[in-house]
Amino acid sequence: MSRGRFGVHGGQYMSETLMNELLNLEEQYNHFKEDPEFIEELNTLLKEYAGRPSLLYYAKRMTEDLGGAKIYLKREDLNHTGAHKINNVLGQCLLAKKMGKTRVIAETGAGQHGVATATAAALLGMECEVFMGEEDTKRQALNVFRMELLGAKVHTVTTGSKVLKDAVNDAFREWISRVDDTHYVIGSTMGPHPFPTIVRDFQAVISEEMKEQILELEGRLPDMVIACVGGGSNAMGSFYNFLDDDEVKLVGVEAAGKGIDTEYHAATIAKGELGIFHGMKSYFCQGNYGQIAPVYSISAGLDYPGIGPEHAYLHDIGRAEYVSATDDEAVEAFEYLSRMEGIIPAIESSHAIAHAMRVAPEMNKDDIIIITVSGRGDKDVAAIARYKGVELYE
Amino acid sequence: MSDNKEIKIANAFDNGKAFIGFLTAGDPTIEKTVEYVLAMEEAGCDLVEIGIPFSDPVAEGPVIQEANIRALKNNTNTDDVFEAIRQIREKSNVPLVFLTYINPVFYYGYEKFFKKCKELNVCGIISPDLPYDEKDEILDVASRNDVDVISLIAPTSKERIQMIASEATGFIYVVSSLGVTGMRSEIRTDLESILSDIKEVTDVPAAVGFGINTPEQAKNIAKVADGVIVGSAIVNIIGEHGENAREPLVNYVRSMKDAILSSIL
């Protein structure tokens, strides 16, 4: 079996043109992750620039209203640039710079990863180009302008279904064309090895802090950790330091769109099949004969036909459970958290909140749930207004 | 099949330098794929690569991406592609190889896929997303069915060249340039040094592809390589002429083949 496996999943299914670069990346990463200077530099950036540690907030009104388990929110929405994406991007851009790269490229769905990459590139004085599906540039027009403001060049991707998957395709095409001075900052725990491992390691700070914080606040581990899953980076980051704590139930929430029994969803674990795509073996939503299926979600960030290989493995061995929430449920949760706690969550994170709203009332009052609020919802306000039939444009 | 001569990739290189043409199956239709493959053979194509259309051809430039979209719009599927090959085999012994992303093959089932290849005398498979490091995925089942897993070597392969070449079978696909497929006005890679690294460790023929479209380029490449691979330029003719591409295809393949032959004069 080749490098970078999680059970049968993972691997390096990539063009030969990129293989030496992937091997080099792995070698450099293994070196720098043990390098005290690199660790110190990254930790300083996370603390002084991104604003870590992020808060673990007890959602008192929500807890009382749902009448069951005690609910804590891991506030990744409070990070600089408004989402968990910055954790990974600071790590990868710093690594790229140490490797001698002067230019970074990235794909983006909702725009959060693109904004985060553009931000880190500005901070570290690197060139940045971001690939974004045409559909998403419309859904998230403000983020396009935001990236440009940060000095990045945004490429509108007009191939395929013009969403996240197609942005990844074009980012790979660009990397194949220009690899010498360029690092591809993959935004999730996906793609060929070593990306799923690198991204997970850089996001693992989420569960590292969670664990410390909940032990301090409650003196014990949570009963359940809930996070939304597209490619799966905030969920992997939220799960990772609990993997050996069997008493902590880990739940990933996929986007069910208009329902998993319709054609319009992005629920890879629920409806996908084993396949090989974007450099990895994992589960993918596929049509007949192994064509990658168009997927749908109200959330541009979850609108991806695959799932990271480590999640696929955690599903196989039963260590994590994967459920789904529909557009309607996510929008309801979006509004619920806004009203109940004064926190407007990203529509992606709202999928996790929606699932907590289902299960918390069934749990005991001394049970503890931690929900990862992976991002803030300012970017989604106009889209939610339109979803509800209010003609509001940014 | 016209006779019982064994069909293998080596036949394509028998006469010195090979011209290898590519088209996407089902573009514009499966019937035309059969007609165009036979026409290309008549015009001098020594080996034909047949692309199985895929929704997300990450290694392709715009020309072949468009061909994939056209083929999928016609609902071309893997069984249709095998049917086209069955019809080609009624009339021709031209060596054929598949160019396919690995997922359609995985989904079809490796055993079933390679068994069909053997039945229809498809001699090889080129998979742009199955590098040396992952070839165990299909190597055993492919070789049991006499299908060569074609190795790709890129301008960035460097110290991997000899590792890859020493285990290669069928032919070696040398990628001329960084980037995706597509016509290029100039090829800057030092192909001679890559090819000499290859020749040190193997006698398996090495053909160069990516970006080649003019007879002049073909002639220059043929001076150093055992074969010249052309995809986008052919697909471009099919894209432009649709169902009436036979004549321009024949003319184009002839001009390329003549240029390649002139390189050994």
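Proteins get letters first, then strands, A, B, ... in listed order; numbering begins at 1 in each.
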Peer 1: Need one label for B/I52: side chain, backbone, both or neither, based on atoms under 4.5 Å from any heavy atom in chain A.
Peer 2: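 For B/I52, neither part sits under 4.5 Å from chain A.
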
Peer 1: Given a strict heavy-atom distance threshold of 4.5 Å, which part of B/P53 is in contact with chain A: side chain, backbone, both, or neither?
Peer 2: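 Just its backbone gets close to chain A.
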
Peer 1: A/Y322: what forms a side-chain contact (heavy atoms from CB on, under 4.5 Å) with it, not counting sequence neighbours?
Peer 2: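 Expected list: A/V229, A/F239, A/I269, A/I307, A/H311, A/L314, A/H315, A/A320.
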
Peer 1: Any idea which donor-acceptor pairs are under 3.5 Å between chain A and chain B?
Peer 2:
unit_1	atom_1	unit_2	atom_2	d
A/S2	OG	B/E134	OE1	2.9
A/S2	OG	B/E134	OE2	2.5
A/R3	NH2	B/D133	OD2	2.7
A/R5	NH2	B/E134	OE1	2.6
A/R5	NH2	B/E134	OE2	3.4
A/Q12	N	B/E134	OE2	2.7
A/Y13	OH	B/E137	OE1	2.6
A/E16	OE1	B/R160	NH2	2.9
A/E16	OE2	B/S157	OG	2.7
A/E16	OE2	B/R160	NE	2.9
A/T17	O	B/T156	OG1	2.7
A/N20	ND2	B/T156	O	2.8
A/N20	ND2	B/S157	O	3.0
A/K165	NZ	B/D56	OD1	3.3
A/K165	NZ	B/D56	OD2	3.0
A/N169	ND2	B/D56	OD2	2.8
A/R173	NE	B/V58	O	3.3
A/R173	NE	B/E60	O	3.2
A/R173	NH2	B/P57	O	2.7
A/I176	O	B/G179	N	3.0
A/I276	N	B/N103	OD1	2.8
A/K281	NZ	B/E137	OE1	3.4
A/K281	NZ	B/E137	OE2	2.8
A/Q286	OE1	B/N103	ND2	3.0
A/Y289	OH	B/D79	OD2	2.6
A/G290	O	B/N103	ND2	2.9
A/Q291	OE1	B/S55	N	2.7
A/Q291	NE2	B/P53	O	3.0
A/I292	N	B/S55	OG	2.9

Peer 1: Just checking A/F32: does its CZ atom have more than 12 heavy atoms from other residues, nucleotides or ligands closer to it than 6.0 angstrom?
Peer 2: yes

Peer 1: At a heavy-atom separation under 4.5 Å, does A/L274 approach chain B through its side chain, its backbone, both, or neither?
Peer 2: both

Peer 1: In terms of relative ring orientation, are B/F98 and B/F82 parallel, tilted or perpendicular, with 30° and 60° separating the classes?
Peer 2: perpendicular

Peer 1: Below 4.5 Å, heavy atoms only, C-beta onward: do B/V208 and B/I229 meet side chain to side chain?
Peer 2: no

Peer 1: Can you check whether A/C128's main-chain N or O pairs, donor with acceptor, with A/K153's side chain at less than 3.5 Å?
Peer 2: no

Peer 1: Let me confirm one number: the CD1-CG distance from B/I126 to B/L152, rounded to the nearest 0.5 Å.
Peer 2: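 If we round to the nearest 0.5 Å, B/I126:CD1 and B/L152:CG are 6.5 Å apart.
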
Peer 1: Holding to side-chain contact (heavy atoms from CB on, under 4.5 Å), I want the full list of residues that pass it with A/P192, two or more places apart in sequence or in another chain.
Peer 2: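 side-chain contact (heavy atoms from CB on, under 4.5 Å) list for A/P192, sorted by chain: A/M14, A/L22, A/F172, A/I186, A/F195.
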
Peer 1: With a 4.5 angstrom heavy-atom cut-off, could you sort out which part of B/P128 is near chain A: side chain, backbone, both or neither?
Peer 2: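 When you check distances to chain A, only backbone atoms of B/P128 fall under 4.5 Å.
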
Peer 1: Go through the structure and list residues passing side-chain contact (heavy atoms from CB on, under 4.5 Å) with B/C123, not counting sequence neighbours.
Peer 2: B/I7, B/I9, B/P95

